[in-house]
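Any value given below was found using the heavy atoms of this structure, including those in side chains, with hydrogens, waters and symmetry copies removed.
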Amino acid sequence: MTNAVQAYSYAGPSTLTHGQLGLSTSGGRALTGPQAHPRFFSGLLTQAAPAAAALLAVADVAMARYHQPRPGWTRDPVVTCDGDRLRFESFSACGGVYARLDVLAPALDGEVVDRGTTNVDVNGPLREALARVGGRDPLHLGVGPDELAVTTLDGAVVEKKVPLPARWLRGFAEVQVIAAGFDLRAELQGPLAVRFLRSLPKRAGADVWAVPAGRDLRVSETPGPGAVRLAGAGRLATLHPLLRFTKALRVYGPAAADHMASAWELELPEMRYTLCVSPQPYRGFSGEGAVLDDLSSDTAADDADVVGMLLNFEPSVELGLLAERSGLTVPRVRAALTQLGTAGRVGYDLHEAGHFHRELPYDKVHVAELNPRLTAARRLLETGAVRLTGADAAEVTTSGGVRRVRIEEGSCTCEWWFDHRGSRGPCKHVLAARIAVRSDVETPEVTV
């Protein structure tokens, strides 16, 4: 599978001089339509030091490759302005760590010029300047250049071309679906939060459990009631420069033990910084398969078009309200949001337990190509390889033999299921059988 290429074109580099932080933007969509250099916000950051440190942490994740570290391309962070806050997002090059900084309304004192999503330039000199920001002095922030700056910087255009591997793009979709199934498992206040994070092993590959102990958490090598697994403890390294600002730590994990991803949220002064880490350092989010059942629905694409027209870069997306406005059921709205997520158009906020609207800069027409298992499942249906043998059973004929599927539990006799036991989403045979059931069409038996 070929990689997409993200082309960045900035009117000039982002800079921080004399208390003026100007973030240069490249492409994106706003309420006023597509723009080459959108401008979203101009005003003061009332919490300069934590904001600078957290923005630097987001940029660090974008530069990192936690599994098999090696030099590579840097993907610029994405920022969304929804009129209520600024959300900065990034994803590690290895596809196993997602970071987001939410700068909330009390930390912003200025004018929202427009709402939308864009990439922002975070270059070497800017990183050095952000690292020097200290104290509680306000910092002026501009997201996007004004018209005068665009004209002035016309001769200083910064252009980058960065490959975006398919697994990196799929990761954004998988994270928001997986996170939607997380529960809040623990919350530690200031000193306890700092002490716990400092007690974590420093080794990048350390595999531990965070086990609740009263109002505290303890690090254990074995699970316990309510425990959350942290594989690759070193992947939380970007939290450590933020500990001096930390007011609380919230830990999120799956309700069941069938998935071992986790999320770690720091409460900072008038902002939040969240890391979501995959089940293993070598295992990125792209292969988890959490989106496949929703994407396989015959109505998901059409429903996504309807729901997509109702999104308006609002701070949160309410399922009930979307269902009422679209005339769809809540499950169909949820499946439509998954479809929109694969196109980079929605994310999930754990703290608020809801989706939010943004527009990542890649083309939604490549959604099918980003999910090869779903493509393979549909090909099995098209070739008549699926035979429903009962209310909850099917046989799928392949070149490697007949695969027997239990549709509801998602089990199969193929190698994929025996290797992963459903922990990385359904195999192509289960997907094909579920699509056949929904279409209520029994395909003819195939003779190999």
(Q) Counting only heavy atoms from other residues, nucleotides and ligands, does the tally under 6.0 Å from CD of Glu324 exceed 12? (A)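 Open: at most 12 neighbouring heavy atoms sit under 6.0 Å from CD of Glu324.
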Is the side chain of [X] donor-acceptor paired with the backbone N or O of [Y] at a distance under 3.5 Å, no angle test?
X      : Y      : value
Arg87  : Pro315 : yes
Asn123 : Ser14  : yes
Asp76  : Asn119 : no
Asp82  : Asp84  : yes
Arg29  : Arg358 : no
Ser90  : Val61  : no
Thr80  : Thr117 : no

With a 4.5 Å limit on heavy-atom distance, are the side chains of [X] and [Y] in contact?
X      : Y      : result
Val122 : Val58  : no
Tyr66  : Cys94  : yes
Val78  : Thr118 : no
Pro50  : Arg244 : no
Val79  : Leu23  : no
Val133 : Leu56  : no
Tyr8   : Arg75  : yes
Arg272 : Arg100 : no

Give every donor-acceptor pair under 3.5 Å between a side-chain atom in residues 228-237 and any protein atom, sequence neighbours left out.
{"unit_1": "Arg229", "atom_1": "NE", "unit_2": "Asp207", "atom_2": "OD1", "d": "3.1"}
{"unit_1": "Arg229", "atom_1": "NE", "unit_2": "Asp207", "atom_2": "OD2", "d": "3.4"}
{"unit_1": "Arg229", "atom_1": "NH2", "unit_2": "Asp207", "atom_2": "OD2", "d": "2.6"}
{"unit_1": "Arg235", "atom_1": "NE", "unit_2": "Ala231", "atom_2": "O", "d": "3.3"}
{"unit_1": "Arg235", "atom_1": "NH1", "unit_2": "Gly96", "atom_2": "O", "d": "3.4"}
{"unit_1": "Arg235", "atom_1": "NH1", "unit_2": "Ser278", "atom_2": "OG", "d": "2.9"}
{"unit_1": "Arg235", "atom_1": "NH2", "unit_2": "Ala231", "atom_2": "O", "d": "2.5"}
{"unit_1": "Arg235", "atom_1": "NH2", "unit_2": "Ser278", "atom_2": "O", "d": "2.8"}

**Request:** Give every residue pair that meets the ring-ring contact (aromatic ring centres under 6.0 Å, His included) criterion with at least one member in residues 40-62, sequence neighbours excluded.
**Result:**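 Applying ring-ring contact (aromatic ring centres under 6.0 Å, His included) to every pair that reaches into residues 40-62, excluding sequence neighbours, yields nothing.
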Heavy-atom pair of closest approach, residues [X] and [Y]:
X      : Y      : value
Ala248 : Ala193 : C-CB, 4.3 Å
Ser26  : Ser9   : OG-N, 2.8 Å
Ala52  : Leu130 : CB-O, 3.8 Å
Leu192 : Leu188 : O-CD1, 3.8 Å
Pro201 : Val208 : CG-CG1, 3.8 Å
Gly19  : Leu139 : O-CD1, 3.3 Å

Side chain to side chain contact (heavy atoms under 4.5 Å, CB included) for Val333 and Ser326? Distances and angles first, verdict last. CA-CA 8 Å; Val333 169; Ser326 65; 4.0 Å; yes
Would you sort out whether Asp60 and Arg127 count as a salt bridge (Lys or Arg N to Asp or Glu O under 4.0 Å), showing the intermediate values?
CA-CA 9 Å; Asp60 284 344; Arg127 291 171 56 83; 2.6 Å; yes
message = Assess the residue pair Ile178 and Tyr348 against the criterion (side chain to side chain contact (heavy atoms under 4.5 Å, CB included)); give the C-alpha distance rounded to whole Å, side-chain angles, the decisive distance to 0.1 Å, and a yes or no.
response = CA-CA 9 Å; Ile178 291 170; Tyr348 191 81; over 6 Å; no
Distance check, rounded to the nearest 0.5 Å: [X] atom [atom1] versus [Y] atom [atom2]?
X      : Y      : atom1 : atom2 : value
Trp264 : Leu200 : CH2   : CG    : 6.5 Å
Ser42  : Leu108 : OG    : CG    : 11.5 Å
Leu268 : Leu101 : CG    : CG    : 7.5 Å
Leu242 : Leu266 : CG    : CG    : 6.0 Å
Phe313 : Glu359 : CZ    : CD    : 4.5 Å
Leu319 : Arg332 : CG    : CZ    : 14.5 Å

Between His351 and Asp102, is the side chain to side chain contact (heavy atoms under 4.5 Å, CB included) condition met? List the steps. CA-CA 11 Å; His351 186 85; Asp102 295 321; over 6 Å; no
- Query: Do we see a donor-acceptor contact under 3.5 Å between the side chains of Tyr252 and Thr274?
  - Reply: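 No.
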TODO: Tell me yes or no: between the side chains of Asp114 and Thr32, is some donor less than 3.5 Å from an acceptor?
DONE: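 Present: a donor and an acceptor within the cut-off.
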Test side chain to side chain contact (heavy atoms under 4.5 Å, CB included) applied to Val317 and Leu310, step by step: CA-CA 10 Å; Val317 175; Leu310 300 175; over 6 Å; no
